[in-house]
Number of protein chains: 2
Amino acid sequence: MLNKTRGRPRGNPDTRARIAAAARDLFHAHGYPGTTVRAVAAAAGVDPALISYHFGSKQGLFSQSLNLLCVDPTALDQALRGDQAGLADRLLDSVTGLWDAGVPAENRMAVRDDETMRALRDYLDGELRLRIAEFLGGPDATERATAAVGVLGGLIFTRYLNPIRSIDALSPADVRRVFGPALRAALHARPRRP
Amino acid sequence: MLNKTRGRPRGNPDTRARIAAAARDLFHAHGYPGTTVRAVAAAAGVDPALISYHFGSKQGLFSQSLNLLCVDPTALDQALRGDQAGLADRLLDSVTGLWDAGVPAENRMAVRDDETMRALRDYLDGELRLRIAEFLGGPDATERATAAVGVLGGLIFTRYLNPIRSIDALSPADVRRVFGPALRAALHARPRRP
DNA sequence: GGGTTTTATTCAACACGGTTGAATAATGCG
DNA sequence: CGCATTATTCAACCGTGTTGAATAAAACCC
């Protein structure tokens with residue numbers, strides 16, 4: 001940490017990876033604004049300037065150390081296979097399975113900063129919505145997929161990003177029970193023509 | 001902001017109100033982290049120290065200058081009156097009416113910081129959910145209200161807080177069409193017992 | 001293998017952000 | 001009037017992210 005000699009160190013210690021690991025832990029525990037560059041540097045046993053050198057900026061450090069937090073393509077692949085009747089349940093399970101496991105309940109609110117939001121947005125709009133529309137097929141497929149993305153986004157928002165108690169407290173089975181009707185309607189009910 | 005004399009000024013200019021007004025505009029335009037205390041002070045034509053004096057801290061300034069941003073009780077009162085069949089539409093209209101008017105589309109993402117999130121959370125869980133449950137009545141009322149809050153939270157999240165294009169682009173009428181089925185199902189379909 | 005370039009690191013300093021304490025002038029109360 | 005209170009500016013402090021110079025090891029080249 002302190003008073004290490006100047007210049008390049010002996011051997012090839014993968015300092016970059018150490019920094020990224022420390023950053024992942026701290027961002028995860030204290031969120032983006034709550035994590036200082038100096039704290040990451042200290043945890044990694046390194047000078048603060050090194051992180052600007054390796055990652056360009058604090059924002060770059062964040063982007064590059066948290067890449068696959070809310071985007072797990074395999075979970076979606078499994079959900080988008082099978083009969084249409086069970087689609088809603090499979091989608092709900094894939095959401096709870098991914099987020100409940102990945103983020104301990106205490107720290108869920110910590111992952112709520114610009115980069116994560118942007119990643120989530122791109123994922124919902126660019127990936128999830130299109131794949132659901134493709135799977136549904138038929139008339140109004142894109143509008144029904146949009147509605148479904150709205151419902152799933154609501155679950156993610158009210159359960160993980162800004163957890164409100166009555167939804168945070170549900171078990172995964174309860175999530176299926178409570179959100180099932182709405183998601184099924186979003187997926188399969190024809191949006192009425194006015 | 002220039003060279004004003006030290007000590008108390010003549011008359012009784014309501015500087016506190018000027019500061020609050022400037023703060024409201026800037027927070028609204030650039031969000032909490034993007035708004036510096038010094039910028040607010042400059043916009044109000046006062047010394048930065050004054051805002052610590054009057055509001056205690058930047059956080060205090062924020063709390064006291066933005067109180068009713070996403071909580072307009074009268075809109076909810078109107079929605080929770082009338083027949084149950086039209087409830088979903090009235091709720092959706094009250095959301096789009098409130099947010100679409102209040103926040104110009106460009107700056108919607110700016111209102112996304114801890115205090116706003118907390119206010120929104122408390123509102124969804126403490127106010128909206130309870131009132132909807134009370135209005136619905138009958139068995140499973142609280143669970144159906146929870147589902148409805150999830151759907152409405154999804155709309156707010158995917159349209160205003162972290163707007164994804166396909167939902168942000170909808171007209172208020174489209175919102176009714178697209179979200180209507182899901183919200184109606186959430187409100188009125190019995191959560192199945194497994 | 002020696003000389004040069006490239007890379008990885010520390011150090012010191014900068015600019016900016018929020019906050020605080022002292023100084024100062026007007027107001028309000030007796 | 002005299003005195004406490006209040007509203008204001010100023011200068012300074014401390015913590016933040018970032019940058020440029022110095023330095024030492026590694027990698028490359030002929």
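Naming: A, B, ... by sequence-line order, numbering from 1 per chain.
The stretch residues 15-23 of chain A comes close to DNA chain C through A/T15, each having a heavy atom under 4.0 Å from the strand.
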Contact pattern, 5' to 3', of nucleotides 22-30 of chain C - B, S or - by protein heavy atom under 4.0 Å
-BBBBSS--
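With sequence neighbours excluded, the residues satisfying side chain to side chain contact (heavy atoms under 4.5 Å, CB included) with A/P172 are A/T96, A/D100, A/R159. Contacts of B/R144 classified as salt bridge (Lys or Arg N to Asp or Glu O under 4.0 Å), with partners at least two apart in sequence or in another chain: none. By the side-chain hydrogen bond (donor to acceptor under 3.5 Å, both in side chains) test, B/D174 is found to be paired with B/S171, B/R177, residues two or more places apart in sequence or in another chain being considered. Listed by chain and residue number, B/L26, B/T36 satisfy the side chain to side chain contact (heavy atoms under 4.5 Å, CB included) test with B/A39 (two or more places apart in sequence, or in another chain). In this structure, A/S52 has no side-chain hydrogen bond (donor to acceptor under 3.5 Å, both in side chains) partners at least two apart in sequence or on a different chain. Residues satisfying the side chain to side chain contact (heavy atoms under 4.5 Å, CB included) test with B/N12, not counting sequence neighbours, are B/R8. For B/Y53, the side chain to side chain contact (heavy atoms under 4.5 Å, CB included) criterion is met by B/L50, not counting sequence neighbours. Annotation: side-chain hydrogen bond (donor to acceptor under 3.5 Å, both in side chains) contacts of B/S166 (sequence neighbours excluded): A/D125, A/R129. For A/D14, there are no salt bridge (Lys or Arg N to Asp or Glu O under 4.0 Å) partners, not counting sequence neighbours.
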Can you tabulate the close N/O pairs, meaning under 3.5 Å, that link protein atoms to atoms of nucleotides 15-17 of chain C?
none

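The interatomic distance linking B/I51 (CD1) with C/dT20 (P) rounds to 12 Å, in whole Å. In this structure, A/L50 places its CG atom 15 Å from C1' of D/dG17, rounding to the nearest Å.
One finds a side-chain N or O of A/H54 lying less than 4.0 angstrom from the OP1 or OP2 phosphate oxygen of C/dT9.
A salt bridge between B/R90 and B/D83 is present, with a side-chain N of the basic residue lying under 4.0 Å from a carboxylate O of the acidic one.
Considering only side-chain atoms of A/P48, the nucleotide from D/dC10, C/dT19, D/dT18 that sits closest is D/dT18.
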